[in-house]
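Each ligand, and each atom within it, is numbered from 1 in the order the structure gives.
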Amino acid sequence: MKATATANANIALVKYWGKRSTDPILPQNGSISMTCNGMTTTTTVEFSDKYKEHTVIINDEEFKKDEKDIHGHIDRICKIAGINLKAKVISESNFPVAAGLASSASGFSALTMAAAKAAGLNVSSKELSIITRQGSGSACRSIFGGFVEWHKGEKQDGSDSYAEEIVDKNYWPDFRMITTIVEVKKKPVSSRGGMAQTVANCPYYEGWLKTVESDLDAVRTGIKQKDFLKVAETAEYSALKMHATMIATKPPIMYWIPASMEIIHSVRQMREDGIHAYFTMDAGPNVKVMCLTKDEKEVSKRLNELDGVVRTILCTPGDGAKLVDKHLF
Ligand code: PMV
């Protein structure tokens, strides 16, 4: 009853921001992301009657219960599998966790896949994305590789709110997502808390929702047509609209720090200079920059020259979650 899975983080091109239900987690809007090769979590799960409690160790640190409730997610998987056992979980990511870098996406998808296998559950990828979604919304997209859409669904039981691959990682290998690391501190407001506050208190939230469907159409079509400008322009605007709702909530949520602005202005300058680069940001200060292979060197060079940038991670469209043979313990 032991299994190991790896999963990549994903960065949304059309953002998910706001829940219509917290139990089960269901989104207010659909979203589209790229699964990012190079930002990977590996997780080993073992169920055994020798364990009296769940033990979760992430990057060498024991993880106690928090609002993300990893322990509760393991119980959820046990319940679906019809077992009553405790687990030992060891997880390692090759990038900073909880800094708006979608670590919960790779973490929850690797955990769900490994735990489901260890528990003897035999489910499809679609069902796996539904289970993953109940642990962390955006994580359901990391079950799949390449470019992925999470359908918001309509039903209250969540059976129609799942992720689906639009195209696999080999369809558009030229697409680049360059993640800049500006600081590795834990973020002050979690995405979970920030979303709830925005839905409850932002006067513009309805306006955000009204624009999402056309962004989804543009990005979905743009991906299929490999139309970089259509995808990247829409993605940048989706991120800005999402951050506008955060800033206009009460109390305001501001993930941007001076280094974030430095990168944003640098990307805008790149465009002035004829380089096709666009930015996106999530619930943290790090900025991710989209470009194509032809501009990758110049964009990386310029980003690494900025004072506020600690390092960059170059990501290509990557694999979905998968089981591997090598266990972490
Ligand atoms: O599922 P969560 O709580 O990790 O939500 C993350 C939401 C954003 O990263 C800000 C946007 C997105 O769609 O990934």
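- Ligand 1 has no nitrogen or oxygen under 3.5 angstrom from a nitrogen or oxygen of K19.
- Under 3.5 Å, the side chains of R141 and S31 contain a donor-acceptor pair of N or O atoms.
- With a 4.0 Å cut-off on non-hydrogen atoms, M281 does not touch ligand 1 at all.
- Side chains of R268 and H265: a donor-acceptor N/O pair is absent below 3.5 angstrom, by distance only.
- Among R192, R141, M242, the residue whose heavy atom sits closest to atom 12 (C) of ligand 1 is R141.
- When all heavy atoms are compared, the tightest approach of K326 to T4 is O-CG2, 3.4 Å.
- Residue-environment remark: NZ (K152) exceeds the threshold of 12 foreign heavy atoms within 6.0 Å.
- Looking at ligand 1, you'll find an N or O of S138 within less than 3.5 Å of one of its N or O atoms.
- Heavy-atom distances between S31 and ligand 1 stay at or above 4.0 Å for every pair.
- The contact set between ligand 1 and M195, taken as ligand atoms under 4.0 Å from a residue heavy atom, comprises 5 (O), 7 (C).
- Ring geometry for H54 versus H71: interplanar angle of 30 to 60°, hence tilted.
- Taking distance alone, with nitrogen or oxygen atoms compared against 3.5 Å, W17 stays at or beyond that limit from ligand 1.
- For the atom pair CE (M177) and CG (L314), the distance works out to 11.0 Å, reported to the nearest 0.5 Å.
- Side-chain polar atoms of T249 and N201 form no donor-acceptor pair below 3.5 angstrom.
- Remark: ligand 1 atoms within the under-4.0 Å shell around heavy atoms of A12 are 12 (C), 13 (O), 14 (O).
- The atoms of ligand 1 that sit less than 4.0 Å from any heavy atom of S136 are 1 (O), 4 (O).
- Near S191, the atoms of ligand 1 lying under 4.0 angstrom from a non-hydrogen atom of the residue are 2 (P), 3 (O), 4 (O), 5 (O).
- Between K288 and I178, every side-chain heavy-atom pair lies at or beyond the 4.5 Å cut-off.
- Numbered from 1 in the order shown, with element, the atoms of ligand 1 that lie under 4.0 Å from a heavy atom of G137 read 1 (O).
- Counting atoms of ligand 1 from 1 in the listed order, those under 4.0 Å from a heavy atom of S104 are 4 (O).
- Side-chain atoms of T35 and N10 form no donor-acceptor pair, as typed in the model, at a separation below 3.5 Å.
- Close approach to A283 involves these atoms of ligand 1, each under 4.0 Å from a residue heavy atom: 10 (C).
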